[in-house]
Amino acid sequence: MKKHLIIIASIFLFINSNAQNREFFIGMFNESYYSIQQLKELKSYNFTFCIYNESENDDYPSILDTANVIGLKLLLKDSNIHFFENDMNNPKIVPVDSSKIRLSLENNGKKSCVLGYYVDDEPERINFDSIALYFNCIKKYDSTFIRYANLLPMYIEAFRATGNPADSNRGATPADYQNYIQSYIDITSPNILSFDHYPIFLNSQHSLIKHILWPSNFFYNLDIISKKSVENNIPFIYVLCPLDTNAVQLNLPENPKDIIYRYPQTPKDSFEFNYVIFSALIYGVKGLNYWNYDHWNKVTPNVKNYLSGLHKKIIDNQNVLMNLKFAAAYHKTFYSTIPTKQDLQENIPSYSAWNNFSNDVYANEIFNVSNPIQALSGYSIDSIAISFLTDDIENKYFWILNKSMLSTEMLQINLKDGCSIIDIFEGEQCSVTENKIITLAPGEAKLFKAFSDFHANIIHQSTLWDSRRIIGNCIIVDSSSILTITDSIFFLPNAQIIVHPGGKLIVDGGTLTNACTGELWQGIFVEGNPSDTTQAENLQGVVELKNGAVIQNAVCGINVGLEKLGVAPAMCIVGGGIVRATDASFINNKKAVEFGPYNR
């Protein structure tokens, strides 16, 4: 008996026990009072959360109600759940009152606007055990609550990172800072990382400032924390701090611990904001936290509107950004690109030097590495940086950043033969196969997704695609794996999905369609097992369509074991695959479904 198409009604429940937060945080780091009007203003500029000090506002219930109504999340600073640091010379674990913490959690935790709790700012190594006590109480109440402490930057005195008073006369090394971050993770078990770094660059040539407290290691700091983020699978937030390009007055007494720190200034224009925001984005940041509302209040309306639009672009593309894992970054120059600092070198890791770019595995997959980027006449590539990132199925992405604070640059991206790219923030769907020309304003970066005809992405486990994606190559659903699609997926002309025996593709209300107008995609190929007469699902490839699923604009919507299409077409005799379709549509395909031979 020949078995071709099985059409049955069925119910399938997909559970993803490892689901992570998919929201890109854009917040305001403010430890004092907000009015209801200020909260509404932040929401209107596309902020998604703010740190809020409940103890400084008698109208706290109204604040919570307003935040719930307008959809603004609050990271609460609660006096019962906030750590106050102790003296380095007399370190001790500060006991917590778990009953007071529980009471605060019970009072606030039922509000949907409560994102979590802000426990400490810039903790030293000796404070981690105390912070862990607070974090544990929060985690026991609700493990989804953000347990937030904003970490020290890399330019600190070493003893603050190591906990050893003997290190008080030197600055922290990269190894000190790496150990500081990892110790924080190991001891406190956070679910988010955060750091600030300000000012980015200081004018003072005083040896103490230059070599210990304020060196120019912003990008080194980003590199370390982003790699710790990837290594430990914990997202990180950058507390967005201003540049400092003016003369600085500091009190420098004999005892360096008595230094009066200058309060950082607010960026004056969109270029300065570009610099700090995009610099963090190219290293895979998952949130931006502005410091602070007083500074924000001094920003001009035009710049606020620009930032609101940038926030929206970030939020519109957060499903891409939240999936990205930082791999590497390369800087064309180690000299500062900040005005008045251009004769000074920044502290950037040596492995991020431009001469290492041509040896990078991702660069070699995407670029013509002998001439990857070239400037158009009158422009320069001297200020650029390029970073590489991957997503959950090892797709390749790269950022190109213009670090110049003064100059717009027009650049040509030279791609490797067989590679194509799309600009993510511009909403491109159809890839560019020729060399692409881009314009970058001062401080601006662009994010691209790269596609290679010879590269396949393999689904090795149960995976949910619940947001819009663009697919440019072959997706393989491996044996014992399930790919569930609930949103619209757009395929470039050579793209297809292959379901191996024992693998399963479920399209639950989703749409699989073409990315390029007028060009069909290849469709789904289901591999069966002709020698299996039982049609057991663990031996056959399975496709299930339901709840309004749509397959459209394909060369062949579903091909079951007959002809594999794409860049390497081939006739196959692997019939026996299973297709179930309920409340599903095949629209504008050359062929809807085609079956290879299978005897039973």
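Computed over heavy atoms, backbone and side chain alike; hydrogens, waters and symmetry mates excluded.
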**Prompt:** Is there a donor-acceptor contact under 3.5 Å from the side chain of D142 to the main chain of I138?
**Reply:** no
### Task
Please lay out, stage by stage, how F425 and K446 fare under the test side-chain contact (heavy atoms from CB on, under 4.5 Å).
CA-CA 7 Å; F425 275 33; K446 289 185 180 291; over 6 Å; no
Taken in chain and number order and not counting sequence neighbours, the residues that satisfy disulfide bond (SG atoms under 2.5 Å apart) with C430 are C516
Shortest non-hydrogen pair, S189 vs R147, comes out as O-NH2, 2.9 Å
From the list T511, N589, T513, side-chain hydrogen bond (donor to acceptor under 3.5 Å, both in side chains) partner of Q552 resolves to T513
Is there a donor-acceptor pair under 3.5 Å between the side chain of H311 and the backbone N or O of Y45?
yes
| Working for side-chain hydrogen bond (donor to acceptor under 3.5 Å, both in side chains), residues T390 and Y397 | CA-CA 6 Å; T390 60; Y397 294 77; over 6 Å; no
* **Cationic N near anionic O, under 4.0 Å, K449 to D423** => no
Inset, instruction - Return yes if some donor-acceptor pair links the side-chain N/O of N457 with the main-chain N/O of I393 below 3.5 Å, else return no. - result: yes
Does a donor on one side chain sit under 3.5 Å from an acceptor on the other, for N494 and N473?
no
Between Y238 and F218, ring centroids under 6.0 Å: yes
Exercise for the section: Apply side-chain hydrogen bond (donor to acceptor under 3.5 Å, both in side chains) to the pair Q412 and N414, showing each step before the final yes or no. Expected result: CA-CA 6 Å; Q412 179 171 298; N414 296 323; 2.8 Å; yes
Closest heavy-atom pair, I70 versus L39, reported as atoms and distance to 0.1 Å, is CD1-O, 3.8 Å
Quick one: does S143's side chain have a donor or acceptor within less than 3.5 Å of a partner on K139's backbone?
no
Margin query: Checking side-chain polar atoms at under 3.5 Å, does D583 have a donor or acceptor matched by the opposite partner on N547?
Written below: no
Quiz item: Does W465 reach the side chain of I475, with side-chain heavy atoms less than 4.5 Å apart?
Solution: yes
Keeping the roles fixed (side chain from D391, backbone from N395), state whether a donor-acceptor pair exists under 3.5 Å.
yes
Scanning both residues in full, the closest heavy-atom pair of L288 with A280 reads CD2-CB, 4.2 Å
Scanning both residues in full, the closest heavy-atom pair of I282 with F326 reads O-CD1, 3.8 Å
| task | Output, in order, the C-alpha distance, side-chain angles, deciding distance and verdict of side-chain contact (heavy atoms from CB on, under 4.5 Å) for K304 and W296. | result | CA-CA 8 Å; K304 284 184 177 180; W296 172 259; 3.5 Å; yes
(request) Would you check, one step at a time, whether the test side-chain hydrogen bond (donor to acceptor under 3.5 Å, both in side chains) holds for Y34 with E41? (result) CA-CA 11 Å; Y34 291 101; E41 178 204 0; over 6 Å; no
Check whether the ring centres of F367 and F398 lie less than 6.0 Å apart, and answer yes or no.
-> yes
Verify, without hydrogens or angle tests, whether N289 (side chain) and F29 (backbone) share a donor-acceptor contact under 3.5 angstrom.
-> yes
Q. Under 4.5 Å between any side-chain heavy atoms of M322 and K286, yes or no?
A. yes
Can you check whether G502's main-chain N or O pairs, donor with acceptor, with S479's side chain at less than 3.5 Å? no
Here the pair of heavy atoms bringing D223 nearest to S352 is OD1-OG, 4.2 Å
**Request:** State whether K416 and E365 are salt-bridged, where the test is any N-O pair (Lys NZ or Arg NE/NH1/NH2 against Asp/Glu carboxylate O) under 4.0 Å.
**Result:** no
Worksheet item: So, does N435 use its side chain to make a donor-acceptor pair with the main chain of L415 at under 3.5 Å?
Response: yes
Q. Is there a side-chain contact between I81 and L105, using heavy atoms and a 4.5 Å cut-off?
A. yes
Query raised in the report: Going by atom types alone, do Y283 and S387 pair a side-chain donor with an acceptor below 3.5 Å?
Result: no
Item checked: Donor-acceptor under 3.5 Å (T188 side chain, Y184 main chain) -> yes
Is the backbone of P501 close enough, under 3.5 Å, to the side chain of Q540 for a donor and an acceptor to pair up by distance?
no
So F388 and I366, do their side chains get closer than 4.5 Å, heavy atoms only? yes
To the nearest 0.5 Å, atom CG of L310 lies from atom CD1 of I315 at 10.0 Å
**Asked** Would the number of heavy atoms belonging to other residues, nucleotides or ligands and lying under 6.0 Å from NZ of K40 be above 12?
**Response** no
One should read off an interatomic distance between T486 OG1 and L464 CG, to the nearest 0.5 angstrom, of 5.0 Å
May I ask you to check whether S467 and D487 show a side-chain donor-acceptor distance below 3.5 Å? no
Here the pair of heavy atoms bringing C113 nearest to N68 is N-OD1, 2.9 Å
Legend entry - Sidechain N-carboxylate O distance under 4.0 Å for E426, K313: yes
So, F47 versus Y290, ring centres under 6.0 angstrom or not? yes
I'd like to know if D316 and R468 make a salt bridge, using a cut-off of under 4.0 Å between side-chain N and carboxylate O. no
Under 6.0 Å from the ring centre and within 45 degrees of the ring axis: does the NZ or CZ of K403 meet both conditions for the six-membered ring of F219? yes
In this structure, CD1 of I185 is separated from CG of N232 (nearest 0.5 Å) by 4.0 Å
d(L324 CG, L281 CG) to nearest 0.5 Å is 10.0 Å
Side chains of L240 and I277: closer than 4.5 Å at any heavy-atom pair? yes
